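All remarks here apply to the structure that follows.
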Amino acid sequence: MANAATIKEHIEKLYCRYKKPVVILGHSKGGLDAAAALSIYWNKLGDKVVGLVLAQSPYAGNPIASDILRQGLLKHVNLKKEIMEIVMSGILNVSQINLNRSSFDQKEFGFNNSECMKLVNQGDLSAIEDLTYEKRREFLRSYPLPREIPVVSFHTETKINMSILTKFYEVANVKFSITAPAGVKSSSKISVPWPLSSMLAVMAALLKLRYGEKSDGLVTRKDAEAPGSVVVRPQRYLDHEWMVLPSLNEDRKEANNCQVIEALFTLLIEVALRKGFLVPAN
């Protein structure tokens with residue numbers, strides 16, 4: 001609810017400054033927060049928004065979140081927190097990098113990185129609970145997306161590559177010795193951080209084995225489609241981080257993330273025009 005209120009305020013600031021309706025794209029949980037803002041405050045935002053793009057957002061919920069909090073499945077609170085940190089670190093780290101790479105002037109829009117980071121770093125068990133199927137059904141019954149708003153759902157699938165899984169296992173278990181400074185035991189070791197892409201490959205394998213569902217490593221394809229939306233299902237293998245952290249080894253013949261985002265905005269505007277929600281400029 002707090003995130004939805006914050007997004008509402010930013011939409012109103014943008015509309016007030018430019019006198020034009022706002023086009024919104026929300027990635028991952030950001031899509032849920034944007035949808036919540038439109039659902040809860042539609043009477044105030046209806047004339048200020050062109051539409052919404054949900055990019056790799058778990059609109060229907062997330063099976064990982066449901067598993068973490070399912071009664072009797074994980075009995076120890078510490079274990080829940082450890083798993084939560086693994087899952088949320090992927091979402092929060094991607095969000096942090098995305099904020100730091102923002103191309104717009106945040107001061108001009110009335111907020112800054114420190115304010116954004118407060119929002120991003122609020123990940124806890126309650127944030128995970130909001131992504132469970134039960135909580136999502138409960139929320140959508142109370143606050144469904146307005147039928148008239150143009151919505152585009154974009155979701156992807158990551159490739160489950162055994163070599164990546166093997167590398168993940170190797171990296172996750174290796175430790176390097178370091179030269180100890182004075183006063184520190186010489187046997188000190190540091191662990192190698194897990195690459196996010198490898199972690200997503202492991203999660204994708206888990207979702208496939210446990211539920212038989214294709215996913216981007218965090219969000220299953222079937223959970224990423226909002227009812228009544230125009231759905232974009234690319235044939236390429238793209239994981240959950242690609243939208244904000246594209247690979248340096250991408251095929252230049254394929255559209256990069258910025259080009260895909262631009263295409264999604266263009267599609268959303270076309271949908272809005274066809275639905276008569278947006279009046280074409282003279």
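Given the structure is predicted, the values throughout are model-derived calculations rather than measurements. Residue numbers run from 1 in the order of the sequence given.
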request  = Indicate, with yes or no, if L273 and V271 share a hydrophobic cluster defined by side-chain heavy-atom contacts under 4.5 Å among Ile, Leu, Val, Met, Phe, Trp and Tyr.
outcome  = yes
ask   = Going from CD1 on I11 to CD1 on I24, what distance comes out if it is rounded to the nearest 0.5 angstrom?
value = 3.5 Å
ask   = Which is it for L38 and L145 under the side-chain contact (heavy atoms from CB on, under 4.5 Å) test, yes or no, and what are the steps along the way?
value = CA-CA 7 Å; L38 297 179; L145 263 178; 4.3 Å; yes
ask   = Say you draw a straight line from OG of S28 to CG of D216; how long is it, rounded to the nearest 0.5 Å?
value = 8.0 Å
D33 side, atom CG; N3 side, atom CG - distance, nearest 0.5 Å = 4.0 Å
request  = Enter the distance from E241:CD to T158:OG1 here, rounded to the nearest 0.5 Å.
outcome  = 8.5 Å
ask   = Does V219 share a hydrophobic cluster with Y237, counting links as ILVMFWY side-chain heavy atoms below 4.5 Å and allowing steps through other members?
value = no
request  = Looking only at non-hydrogen atoms, find the nearest pair between I40 and Y143 and report the distance.
outcome  = CG1-CD2, 3.6 Å
ask   = Listed by chain and number, what are the side chain to side chain contact (heavy atoms under 4.5 Å, CB included) partners of K8, not counting sequence neighbours?
value = E12, Y41, K44, L45
message = Looking at S229 and A226, would you say the former's side chain and the latter's main chain have a donor-acceptor pair under 3.5 Å?
response = yes
key: Over all atoms of both residues, closest heavy-atom pair of S57 and G31   = OG-CA, 3.4 Å
ask   = How about Y133 and D223: does a side-chain donor come under 3.5 Å of a side-chain acceptor?
value = yes
ask   = Any donor and acceptor pair, going by atom type alone, linking the side chain of D239 with main-chain N or O of W242 inside 3.5 Å?
value = yes
key: Exceeds 12 heavy-atom contacts within 6.0 angstrom, atom CD of E262   = no
ask   = Do you know which of K222, E225, K214, Q56 makes side chain to side chain donor-acceptor pair (under 3.5 Å) with H155?
value = E225
Minimum heavy-atom distance between S39 and P144, given as atom pair plus value = OG-O, 3.5 Å
ask   = Can you find a pair of side-chain heavy atoms, one from L200 and one from L218, that are under 4.5 Å apart?
value = yes
key: Nearest non-hydrogen partners of R136 and L32, listed with the distance   = NH2-CD2, 3.8 Å
task = Using side chain to side chain contact (heavy atoms under 4.5 Å, CB included) as the criterion, list what pairs up with Q235, not counting sequence neighbours.
result = none
query = Are M203 and Y211 connected in the hydrophobic side-chain network, where two residues link if heavy atoms are under 4.5 Å apart?
reply = yes
message = Under a 3.5 Å threshold, yes or no: a donor from one side chain and an acceptor from the other, between E134 and S66?
response = no
Donor-acceptor pair, side chain of R236 and main chain of A255, under 3.5 angstrom = yes
ask   = Is L209 reachable from I64 through a run of hydrophobic residues whose side-chain heavy atoms are each under 4.5 Å from the next?
value = no
note = Looking only at heavy atoms, the pair that brings I149 and G51 closest together is CG1-CA, 4.1 Å
query = Same hydrophobic cluster for Y15 and I7, using side-chain heavy-atom links shorter than 4.5 Å among ILVMFWY?
reply = no
Whether H27 and H240 hold their rings parallel, tilted or perpendicular, with breakpoints at 30° and 60° = tilted
message = Using a strict threshold of under 4.0 Å (side-chain N to carboxylate O), is an ion pair present between E270 and R274?
response = yes
task = Taking all non-hydrogen atoms of both residues into account, name the closest pair between L54 and Y59 and its distance.
result = CD1-CD1, 3.9 Å
Rounded distance (nearest 0.5 Å) linking atom CZ of F277 with atom CG of D47 = 8.5 Å
task = Supply the atom-to-atom distance I261 CD1 to N256 CG, rounded to the nearest 0.5 angstrom.
result = 9.0 Å
